[in-house]
S.K.: 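Right, I'll just put the structure down here and ask away after.
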Amino acid sequence: PLRISLLSTAAICLARDTKQNKWKAIGEKSATTMTQLLNHSNWNFENMLFLLQAELNYLNGRIAMAESSYKAAIVSAHDHRFNNEEALGLELYGIFLVENKKVAEGLQQLEKAREEYKVWGAIKKADAVLEFMDLVKNTMCHRDCNHDTLWDTHE
């Protein structure tokens with residue numbers, strides 16, 4: 001199931017990047033499979049389904065629904081003590097926020113993801129998230145080096 005979730009999340013990201021329906025179809029099929037698995041164990045699959053729904057909502061331009069689903073995935077993974085899946089949810093939510101021009105909030109979520117990856121023992125993954133965060137910060141600085149307004153993106 002985690003493999004299904006990771007592969008389908010990657011497929012949905014490819015669908016967003018390439019606009020190819022074949023990738024979207026993989027994500028939708030995986031969400032259906034995850035819904036069926038949820039009937040057998042809410043504890044194990046709930047957060048994964050929420051995360052897939054978040055990614056599909058984001059792909060389909062339903063931004064508010066995506067945000068809600070990311071938050072639900074993170075809470076579910078946290079409540080069920082799945083540190084690795086909480087970290088993944090936080091990371092994807094952080095990327096979503098950055099891509100939707102909520103940079104400061106996105107960086108906060110990415111920092112939380114980095115900490116969760118470290119708790120899980122995934123130090124290289126935590127380092128990769130830090131590199132991404134640095135890339136975001138450097139990109140933003142190149143666009144606007146007025147640091148007083150750079151991180152104040154909440155309206």
Side-chain angles (χ1 to χ4, degrees), residues 1-19 23-24 27 30-31 34 38 42-155:
L2 181 57
R3 183 172 176 237
I4 292 169
S5 178
L6 294 175
L7 291 174
S8 56
T9 300
I12 295 166
C13 287
L14 282 169
R16 242 190 342 266
D17 290 345
T18 66
K19 311 293 187 238
W23 301 118
K24 180 179 177 180
S30 297
M34 199 61 67
L38 188 69
N42 186 58
W43 184 270
N44 288 328
F45 304 116
E46 178 184 72
N47 71 289
M48 290 184 230
L49 179 59
F50 284 144
L51 192 57
L52 284 176
Q53 289 171 336
E55 290 288 302
L56 284 168
N57 283 323
Y58 183 23
L59 174 63
N60 292 318
R62 295 188 298 258
I63 302 303
M65 289 176 69
E67 187 161 3
S68 209
S69 295
Y70 282 118
K71 289 177 179 179
I74 293 163
V75 168
S76 176
H78 177 82
D79 289 350
H80 297 161
R81 297 182 197 93
F82 296 135
N83 296 92
N84 58 324
E85 294 170 30
E86 181 179 2
L88 178 60
L90 287 162
E91 180 182 8
L92 293 175
Y93 182 43
I95 293 168
F96 162 84
L97 290 167
V98 167
E99 290 178 351
N100 284 280
K101 314 237 183 302
K102 296 181 178 180
V103 177
E105 191 177 346
L107 288 170
Q108 290 172 351
Q109 297 304 310
L110 289 165
E111 180 58 34
K112 290 178 185 178
R114 195 170 80 81
E115 291 302 317
E116 281 302 314
Y117 281 127
K118 289 191 320 191
V119 166
W120 186 46
I123 304 305
K124 286 189 178 193
K125 181 60 180 169
D127 291 344
V129 171
L130 181 60
E131 285 180 32
F132 177 74
M133 291 170 63
D134 288 342
L135 178 67
V136 169
K137 291 174 186 176
N138 289 336
T139 301
M140 294 303 297
C141 185
H142 283 77
R143 287 186 190 161
D144 178 8
C145 280
N146 180 353
H147 293 284
D148 293 336
T149 60
L150 181 61
W151 306 118
D152 187 22
T153 57
H154 303 293
E155 295 181 20

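We count residues from 1, following the sequence as given.
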S.K.: Out of curiosity, Arg114 CZ to Leu110 CG, how far, rounded to the nearest 0.5 Å?
M.R.: 10.5 Å

S.K.: Rounded to the nearest 0.5 Å, how far does CG of Leu14 lie from OG1 of Thr9?
M.R.: 11.0 Å

S.K.: Using the rule given for side chain to side chain contact (heavy atoms under 4.5 Å, CB included), can you reason through Asn44 versus Phe82, listing the C-alpha separation, both sets of side-chain angles and the distance that settles it, and then say yes or no?
M.R.: CA-CA 9 Å; Asn44 288 328; Phe82 296 135; 3.7 Å; yes

S.K.: Below 4.5 Å, heavy atoms only, C-beta onward: do Ile12 and Leu52 meet side chain to side chain?
M.R.: yes

S.K.: Can you tell me how far the CG atom of Asn60 sits from the CE atom of Met65, to the nearest 0.5 Å?
M.R.: 9.5 Å

S.K.: Quick check on His80: does its NE2 atom have over 12 non-hydrogen neighbours (other residues, nucleotides or ligands) under 6.0 Å away?
M.R.: yes

S.K.: State, to 0.1 Å, how close Met133 and Leu107 come at their nearest heavy-atom pair, and which atoms those are.
M.R.: CE-O, 3.8 Å

S.K.: Taking ring pair (Phe, Tyr, Trp, His ring centres under 6.0 Å) as the definition, give me every residue that meets it alongside Tyr117, ordered by chain and number, with sequence neighbours left out.
M.R.: none

S.K.: Give the minimum heavy-atom separation between Ala77 and Glu85, together with the two atoms involved.
M.R.: CB-C, 3.9 Å

S.K.: Verify salt bridge (charged side-chain N to carboxylate O under 4.0 Å, His left out) between Lys112 and Glu115, making sure each step is shown before the conclusion.
M.R.: CA-CA 5 Å; Lys112 290 178 185 178; Glu115 291 302 317; over 6 Å; no

S.K.: What pair of heavy atoms forms the shortest contact from Ile95 to Phe132, and how long is it?
M.R.: CG1-CE2, 3.9 Å

S.K.: Aromatic rings Tyr70 and Phe96: how do their planes relate, parallel, tilted or perpendicular, breaks at 30° and 60°?
M.R.: tilted

S.K.: Starting at CG of Asn83, measure out to NE2 of His78 and round the result to the nearest 0.5 Å.
M.R.: 9.0 Å

S.K.: Kindly give the heavy-atom pair with the smallest separation between Ser76 and Glu46, and that separation in Å.
M.R.: OG-OE1, 2.7 Å

S.K.: Indicate yes or no for a side-chain donor-acceptor contact from Lys19 to the backbone of Arg16 under 3.5 Å, with no hydrogens or angles considered.
M.R.: yes

S.K.: At their closest point, which heavy atom of Lys24 faces which heavy atom of Ala15, and how far apart are they?
M.R.: N-CB, 3.6 Å

S.K.: Using the side chain to side chain contact (heavy atoms under 4.5 Å, CB included) rule, take Glu91 and Leu88 through it: C-alpha gap first, then chi angles, then the decisive distance, then the call.
M.R.: CA-CA 5 Å; Glu91 180 182 8; Leu88 178 60; 4.2 Å; yes

S.K.: Taking all heavy atoms of Glu67 and all of Leu97, pick out the closest pair and write down the distance.
M.R.: OE2-CD2, 4.1 Å

S.K.: Is it true that a side-chain atom of Ser68 and a backbone atom of Ala64 form a donor plus acceptor pair closer than 3.5 Å?
M.R.: no

S.K.: Just how far is it from atom OH of Tyr58 to atom CG of Leu92, taken to the nearest 0.5 Å?
M.R.: 10.5 Å

S.K.: When rounded to the nearest 0.5 angstrom, what is the spacing between NZ in Lys102 and CD1 in Ile63?
M.R.: 9.0 Å

